[in-house]
Amino acid sequence: MSTDNFLVAEAELALNKARKAKAERTKSLGDPIQLPGKALAISVRGNEAWIAENTSVVRRLDLDSGKTLQLFKGHTGPVTSLAFCDKISGSGDGKILITGSWDQTIKLWDMDTKTLISSTDAHDDFVKALYVLPKLHLLISSGSDKAVRFWDISQPNKMRPLSSMGSITAHARPVECLDGKPTSDSSALLYTADTMGIIRLWNLTKELVSPPRWRSTMVEELGHHRTRINELYYGNDHLWTASSDDSVQLISTKGTTPQKPISSVLHPVGVRAILPLILADPDEPYLITGAGDVIRVYDVSSLSEPSLINEIDAHWHDVTAIRLWARNISGDDGTRIEPWVISTSLDGTIRKWKLSELLNPPSKDEHIKEPDPPVEEKDDFAMTEEEERELAELMDE
C-alpha cells in the first residue's frame, strides 16, 4: 500500500470511529425515525412525509407514529426527486405523485387508487430534480445528462407517457436544482443550477403551435459559487442558494441585472440543505442550514448581516434535507397547528425539531424518547457497479 493510500485509509477509519461514537451519543436526539434506506428527497404534507429513497421506493410515512403508510414501488433505481400535481385541473387537490429516478424515468401515480398511471423515458441519465408550475400545467425536470426538459401535465390521468414540450441544453454539467414562478398564463421565470456552480435565469414563453411548446430565453448567468449548487429557493424578490463551496448566498432579484449577493453565510463544510423561513408560513426572519452533520440557525432580520443563534449536532452523518412541518396537534381544546422542522440525513433517520426550541434551545438533560427500530422489509433492489459508485459519491463515502 502506498503512503497516500495508507493515510486515506487511516483517515477513513478515524472518521468511521467518530461517526460510530456520535451515533451512540445522538441516538435519541430529535425523536428519530429510522428508515430502511436513505432519504434522497422529502416532501411534508400535513402530518405525513413523502420520502424518495435509495432503495428504489417512495415511502409515505406518518410523522407522529413513524409508521409507513404506503410504499410506491416501480422504479428500478434510487428515487431522487418527487413532486405533486392536481388530479382535477385547478382544484389544488395535489393527488398525483410525480417521481424521478436513476432509472432515467419519470413516473406518475394516482394517490387515490395507489396505482401507477404512466412512465416516461425522460432523460439520458439520472433524473435529478422535478419542479411543477400548476397554473401552467407544466412539469420541469433536470438530469445528469445536463438537460432541462418541459412536460405537459394538463391531463395527468392519461395512461401514456408525458408529452415533451421543449428543453434547455445550455448547461455543461448535471443540473441539480430548479425553482421559479409563473408571470402570466403563458409565461414564467425559471432558475436552473448545476454541479459547476453556475445558475441561469430563463424567461419561459408558451408558443401556441400544435402541439404547444415552451421557448426559453436566457436572461442572466450567475457565477457567485465556486462549485456544486445543492439547493435553491426563489421568492420575495430574493434567491437563496446552498453550495458545496461551504457557503449560503443571498441575492436580491429586484431591479436590473446583473444580480449580486447581498450576503454570504460561510460554513466549515459544504452546505447541502437550507430552509429560509422568511419564505415560509409563518414568515419568520430565520435561516436554517444543514452542513455536514450539524444544523445551524441564523437570524436574518438584517439580510446583509445574518447572525448565528443556534448550532445543533443533529445527526451522525450529513444532513440532506430540511423541511418545515406544520404539525397538527390535538388537545382538549381542539386541534392547533404548531411549527416544527424535519431533517433527513445519510445516517438513515428523519428527525423532528420543535421550531421554538431551535430558536430557544431547551436544557440538555431534557428527556427524548428512544428511536424507533428500523422497518424490516424485503428488498429485491440491486444496483449495478456504476450505480454503486454514483451512490457512494452522493453519500460522500
Between Ser101 and Pro78, is there a donor-acceptor pair closer than 3.5 Å when you use the side chain of the first and the backbone of the second?
-> yes
Measure across Ser89 and His137 and return the closest heavy-atom pair with its distance rounded to 0.1 Å.
-> OG-CE1, 2.8 Å
Is the shortest distance from a Lys or Arg side-chain nitrogen in Asp31 or Lys352 to a carboxylate oxygen in the other one below 4.0 Å?
-> yes
When rounded to the nearest 0.5 Å, the distance separating CD1 of Ile33 from OG of Ser65 is 7.5 Å
Do other residues, nucleotides or ligands put more than 12 heavy atoms under 6.0 Å from the CG atom of Leu69?
-> yes
Return the set of residues passing ring-ring contact (aromatic ring centres under 6.0 Å, His included) with His171 (not counting sequence neighbours), or none when no residue passes.
-> none
Does Phe84 reach the side chain of Val132, with side-chain heavy atoms less than 4.5 Å apart?
-> no
Atom CG of Asp103 and atom OG of Ser56: how far apart are they, to the nearest 0.5 Å?
-> 8.5 Å
Option among Pro285, Ser264, Ser301, Ser263 that satisfies the side-chain contact (heavy atoms from CB on, under 4.5 Å) test with Pro306 = Ser263
The residue among Thr227, Val269, Ile229 that forms side-chain contact (heavy atoms from CB on, under 4.5 Å) with Ser244 is Thr227
Answer yes or no: is there an ion pair linking Arg327 with Asp64, defined by an N-O contact shorter than 4.0 Å?
-> yes
Give the cluster check for Leu250 versus Val300: same hydrophobic cluster or not, with ILVMFWY residues linked at side-chain heavy-atom distances below 4.5 Å.
-> yes
Would you please say whether a donor-acceptor pair under 3.5 Å links the side chains of Thr183 and Ser187?
-> yes
Describe, in one word, how the ring planes of Trp353 and His315 are oriented to each other, choosing from parallel (under 30°), tilted (30 to 60°) and perpendicular (over 60°).
-> perpendicular
Chi angles and distances behind the side chain to side chain contact (heavy atoms under 4.5 Å, CB included) call for Asp347, Thr26 | CA-CA 11 Å; Asp347 65 12; Thr26 62; 5.9 Å; no
Out of curiosity, does Ile88 fall in the hydrophobic cluster containing Met159 (side-chain heavy atoms, cut-off under 4.5 Å, transitive links)?
-> no
Is the number of heavy atoms from other residues, nucleotides or ligands within 6.0 Å of CZ (Arg173) greater than 12?
-> no
For the side chain of Asp179 and the backbone of Tyr234, is there at least one donor-acceptor N/O pair under 3.5 Å apart?
-> yes
Salt bridge present between Glu231 and Arg323 (N-O < 4.0 angstrom) | yes
NZ/NE/NH1/NH2 to OD/OE distance under 4.0 Å, Asp110 and Lys95 | no
Under 6.0 Å from the CZ atom of Arg45, do we count more than 12 heavy atoms belonging to anything else shown?
-> yes
Hey, what do you get for CG (Leu97) to CG (Leu116), rounding to the nearest 0.5 Å?
-> 10.0 Å
Got a second to check how far Arg149's CZ is from Thr169's OG1, nearest 0.5 Å?
-> 8.5 Å
Measure the spacing between CD of Gln34 and CZ of Arg351 and express it to the nearest 0.5 Å.
-> 8.0 Å
Exam field: side chain Trp325 to backbone Gly46, donor-acceptor pair closer than 3.5 Å | yes
Between atom CG of Leu29 and atom OG1 of Thr349, what is the distance when rounded to the nearest 0.5 Å?
-> 9.5 Å
